[in-house]
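Note that these values count all heavy atoms, side chains included, but never hydrogens, waters or copies made by symmetry. Nothing fancy with the numbering, it's 1 onward along the sequence.
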Amino acid sequence: MMGSEEDEGRLYTSTDMMESLTLDTEPHPFLSNSDYRNAMSGGESFFASSLQESHPLAAKSVDAHQLGFEDSARSSGSLREDMVEPPSYADAVFARDLSHSTTSAFLQTNSFSDVLRITVSNPQKIPEAGASMAAGIASSYVTYLINTHTNISSYQGSDFSVRRRFRDVVTLSDRLAESFRGFFIPPRPDKNVVESQVMQKHEFIENRRAALEKYLRRLAAHPVLRQSDELRLFLQAEGKLPLLPTTDMASRMLDGAVNLPRQLFGEGSVILAPQEAAQPAKGGRDLVRLFKELKQSVTNDWGGSKPAIIEEDKEFLEKKEKLQDLEHHLSDASQQAELVVKAQQEVGEVMGELGLAFIKLAKFETRAGFTPAHAADAKCVATGAVKASRFYRECNAQSVRHLDELHEYLGLMQALHIAFADRSNALLTVQTFMSDVAANNMQIEKLEAASNKVFGGSKTQNRKISELKEAVKVTGEARDLAQKEYECIKDRNRAELERFDEERRRDFLNMLRGFAQTQVGYAEKICNVWTKVAEDTKGHSGRFSEATPSYLSTPT
């Protein structure tokens, strides 16, 4: 009478059961049930098929509501010329496509007259050449197909494809960091060795593919990096990547340790070429200079004397402090966004369980031979609950795509920290060279004063004076180049901050607009679902009164 045990278990299968239900009417006027199942389950085929380059809700010359009305009219097969009432808010907002997502200006931008579009696809496992087999497991790596379309003249072509592995991306990132100090260079994806062991292989590879594509698109959206030779060679050069990988820190420190005794005992020159000396000392190959800059840093922080040159850009210091506050706010907002998404997801799941419970009730009413009208009402409520659950889950998916902008900018704050560190290191280099010049000049004065006391001078002292004057000359040239590098980084920081502020305001406005429209639009759709349920079951109270014995009725 009540059905088999298998039927009972099937009724309580929550999410999968709810998504496979066939409803009497389509849950959305513009999507089929199959589209819904793809959207609710996070299927890439639904969202990725219409991913556009610009934010769908960004301010444009054409009114988005009017576009929604026109598209909705075309979907009905007529122009609705005789329509008196305007379309609902939800239909106007969602008529074009529910699958649009927020796209940060760091990922795509329409401010350039030239085009640089990058996609990453088709991962392939390649056996490691010359690798030995251990425990029956062959060493291998994964390469990704990188397709590029551009009209930038320096690329000497419009469409080309190359295969790159993750190691090549690391090399590209390191080269950009060396060549473009002071720019907000988007951080590359992490290696995630532990994650690769925990996750399923295909899932890890897909996540890495998506992360690499997002990273390369960020580079392509940067007004300077998109024109760089490093990125052009990475995207266009066939075969092995022509960019040489940078030497790792351990090797550089080892080289520095080997040279250190010769430098300390005068067997090797402590004077570098000015171009090389003007670069940051953190590379580690010249430990003497590294120690000098460390000493200068301690002197700046704890010494009683003030360095000859300090950071005096008050506007920059104020912006830097505000950006630190922004990072804290982004972290808090990101956590709150996760709570909102989680709560909305739970509401959708509970609503789905409610729908399944009413389906069970309808089947019980039918099999038990109770009033058919009651079973019909229960089925109507179940259909409404399942529809509402699907709307909740689809709304949540869209909300995540809008609110993900918070995560994006929180991750990009790392690029700002690195650019500001480049500026600090460049200033420290200038301060160190100025201190060296001042110390050498002071030593020259002392030696000259001592030499003047000896008739004819001291050959040893004269030779030492000559060496110090040469050191002052070379160090002075390095100081000038370091000063020029510092000023260049300052200009880059200033331009990048202006770009960051402009794009952040635009992206956050679009994020808030998109999130608000999503919430309001789906709220209206869910309201319409329950309004229809109320209309379809409005006779239930009358039928209940007729079927209720008189002694249970409320006395008048």
Side-chain angles (χ1 to χ4, degrees), residues 1-43 46 76 88 90-91 94 98 343-397 522-556:
M1 191 83 176
M2 301 250 327
S4 65
E5 216 175 89
E6 183 181 354
D7 291 335
E8 294 290 328
R10 198 176 288 124
L11 287 172
Y12 277 111
T13 306
S14 58
T15 304
D16 294 338
M17 176 67 181
M18 181 188 66
E19 294 309 323
S20 63
L21 289 174
T22 301
L23 304 180
D24 294 336
T25 57
E26 294 294 338
H28 190 281
F30 306 101
L31 298 175
S32 65
N33 274 322
S34 60
D35 290 331
Y36 250 78
R37 283 191 289 272
N38 287 335
M40 295 303 97
S41 61
F46 175 74
S76 66
S88 68
D91 288 347
F94 298 112
L98 288 170
Q344 193 164 258
Q345 179 182 355
E346 291 176 352
V347 171
E349 292 174 354
V350 170
M351 192 65 66
E353 292 174 359
L354 175 65
L356 296 178
F358 269 96
I359 290 176
K360 178 184 177 182
L361 177 62
K363 289 189 176 183
F364 173 78
E365 296 261 4
T366 302
R367 292 171 181 174
F370 294 153
T371 307
H374 290 176
D377 288 343
K379 183 180 179 182
C380 181
V381 174
T383 301
V386 171
K387 285 182 179 180
S389 175
R390 291 176 175 176
F391 280 135
Y392 272 117
R393 296 183 65 192
E394 186 177 334
C395 175
N396 211 34
Y522 277 106
E524 181 182 5
K525 288 186 174 296
I526 294 170
C527 178
N528 292 339
V529 168
W530 290 117
T531 300
K532 188 175 185 305
V533 171
E535 292 175 353
D536 293 343
T537 60
K538 62 183 178 181
H540 177 77
S541 58
R543 294 194 297 270
F544 181 79
S545 300
E546 294 173 1
T548 303
S550 58
Y551 60 86
L552 293 178
S553 302
T554 304
T556 55

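The minimum heavy-atom distance between Ala382 and Ile359, with the atom names listed, is CB-CG1, 3.5 Å. The shortest non-hydrogen separation linking Gly355 to Val386 is CA-CG2, 4.2 Å. Closest approach of Glu365 and Ala375 over heavy atoms only: CB-CB, 3.8 Å.
Side chains of Val347 and Val350 form no contact here, defined as non-hydrogen atoms less than 4.5 Å apart.
Here Lys525 contributes atom NZ and Glu394 contributes atom CD; the two are 8.5 Å apart, rounded to the nearest 0.5 Å.
With sequence neighbours left out, the side chain to side chain contact (heavy atoms under 4.5 Å, CB included) criterion links Val533 to Cys380, Val381, Trp530, Thr537. When the side chain to side chain donor-acceptor pair (under 3.5 Å) test is applied to Gln345, the partners found at least two apart in sequence or on another chain are Glu349. Remark: Thr531 pairs with Cys527, Glu535 by the side chain to side chain contact (heavy atoms under 4.5 Å, CB included) rule, at least two apart or across chains.
Between the Asn396 side chain and the Tyr392 main chain, no donor and acceptor come within less than 3.5 Å of each other. At distances below 3.5 Å, at least one donor-acceptor pair connects side-chain atoms of Thr366 with backbone N or O atoms of Ala362.
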